[in-house]
Amino acid sequence: QIQLLESGGGLVQAGGSLRLSCAASGVTFSDYHIAWFRQAPGEEREFVGGVSRTGSTTYYADSVKGRFTVTRDNAKNTLDLQMNSLIPEDTAVYYCATKYLGLLTPRQSGYSYWGQGTQVTVSR
């Protein structure tokens, strides 16, 4: 079975930064689009940002555009999320997920494999 493992979450003050990482195993990493989603307490899971198979296309939610950056390293089978200028509304469990068919999209139903999530908490 393939596995996605997120790391790097923690508690930071508003205005600070975090870098999350997702490590993939058991999969040909470059065959998949890969993206970050998040789920805040009491809220629906939402798309954050993603990158296409070869890294040629990136796509970000408007709420994080200009603050967050996704990067992939196909040689290392990793996906990173650099999070800057954090605000309390960014508090959520962050997940990485992969998509095989079709295009890179923000629709979570197209992503078939998910990590366990890592908690990000932004204090005031």
Side-chain angles (χ1 to χ4, degrees):
Q1 296 276 66
I2 70 167
Q3 183 179 20
L4 302 174
L5 181 61
E6 301 95 337
S7 62
L11 174 65
V12 297
Q13 191 172 196
S17 298
L18 281 175
R19 191 178 188 91
L20 307 183
S21 293
C22 172
S25 61
V27 63
T28 302
F29 190 62
S30 60
D31 285 349
Y32 293 84
H33 305 310
I34 189 162
W36 289 97
F37 292 79
R38 68 185 182 186
Q39 188 166 24
E43 303 292 331
E44 298 294 321
R45 190 176 299 171
E46 64 176 352
F47 178 84
V48 176
V51 59
S52 61
R53 294 179 177 93
T54 62
S56 61
T57 302
T58 56
Y59 187 12
Y60 296 94
D62 288 341
S63 60
V64 306
K65 194 175 299 180
R67 299 190 297 121
F68 292 7
T69 303
V70 294
T71 55
R72 70 186 298 164
D73 187 337
N74 287 346
K76 296 181 178 179
N77 286 6
T78 57
L79 173 76
D80 286 355
L81 179 65
Q82 180 64 48
M83 309 165 66
N84 298 326
S85 301
L86 285 161
I87 58 176
E89 290 77 13
D90 295 320
T91 295
V93 177
Y94 284 71
Y95 302 87
C96 64
T98 60
K99 184 178 192 290
Y100 182 74
L101 297 176
L103 302 174
L104 174 67
T105 75
R107 189 163 52 190
Q108 69 173 0
S109 63
Y111 294 80
S112 56
Y113 293 100
W114 296 78
Q116 87 290 346
T118 186
Q119 177 71 48
V120 172
T121 302
V122 184
S123 66
R124 294 178 175 86

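Side-chain atoms of Ser21 and Lys76, non-hydrogen and from C-beta on, never get closer than 4.5 Å to each other. With contacts defined as side-chain heavy-atom distances shorter than 4.5 Å, the pair Gln82/Thr71 does not qualify. The shortest side-chain heavy-atom distance between Asp80 and Arg19 falls under the 4.5 Å cut-off. Side-chain contact check for Glu46 versus Arg38: some heavy-atom pair is nearer than 4.5 Å. Residues Tyr95 and Leu4 have side chains not in contact (no heavy-atom distance under 4.5 Å, counting atoms from C-beta outward). Put simply, the side chain of Val27 does not reach to within 4.5 Å of the side chain of Thr98, judged on heavy atoms. Two residues are said to be in side-chain contact when any heavy atoms from C-beta on lie closer than 4.5 Å; Thr121 and Ser123 fail this criterion.
Distance alone, capped at 3.5 Å, places no donor-acceptor pair between the Lys65 side chain and the Arg67 backbone. Checking side-chain atoms of Glu6 against main-chain N and O of Leu20 turns up no donor-acceptor pair under 3.5 Å.
Taking CG of Asp90 as the start and OG of Ser63 as the end, the distance is 7.5 Å to the nearest 0.5 Å. Leu81 contributes atom CG, which lies 7.0 Å from atom OH of Tyr94 (distance to the nearest 0.5 angstrom). Of the inter-residue distances, the one linking Phe68 atom CZ with Ser17 atom OG reads 9.5 Å to the nearest 0.5 angstrom. Atoms OH and CG, from Tyr59 and Leu104 in turn, are 8.5 Å apart once rounded to the nearest 0.5 Å. Between Asp73 atom CG and Phe29 atom CZ the span is 8.0 Å, to the nearest 0.5 Å. To the nearest 0.5 Å, the span separating OG1 on Thr58 from CZ on Arg72 amounts to 12.0 Å.
Nearest heavy-atom pair, Asn74 versus Ser30, reported as atom, atom and distance to 0.1 Å: ND2-CB, 3.7 Å. Closest approach of Tyr111 and Thr105 over heavy atoms only: OH-O, 2.5 Å. Residues Cys96 and Leu79 come closest through the heavy atom pair CB-CD2, 4.2 Å. Between Arg124 and Pro88 the shortest heavy-atom distance is CG-CG, 3.7 Å. Nearest approach of Gln119 to Thr91, heavy atoms of both residues: NE2-CG2, 4.0 Å.
The hydrophobic cluster containing Val48 also contains Leu18, counting ILVMFWY residues as joined when their side-chain heavy atoms lie under 4.5 angstrom apart, directly or transitively. Hydrophobic clustering, with ILVMFWY side chains joined whenever heavy atoms are under 4.5 angstrom apart, keeps Val64 apart from Phe47. Linking ILVMFWY side-chain heavy atoms closer than 4.5 Å, directly or via other members, places Leu101 and Tyr113 in a single hydrophobic cluster.
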side-chain contact (heavy atoms from CB on, under 4.5 Å) between Thr69 and Tyr60, intermediate numbers included
CA-CA 8 Å; Thr69 303; Tyr60 296 94; 3.6 Å; yes
Are Met83 and Val12 close enough, and set up right, to give a side-chain contact (heavy atoms from CB on, under 4.5 Å), and what steps lead you there?
-> CA-CA 11 Å; Met83 309 165 66; Val12 297; over 6 Å; no
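In this structure, Trp114 and Phe37 have tilted ring planes: the angle between them lies in the 30° to 60° band.
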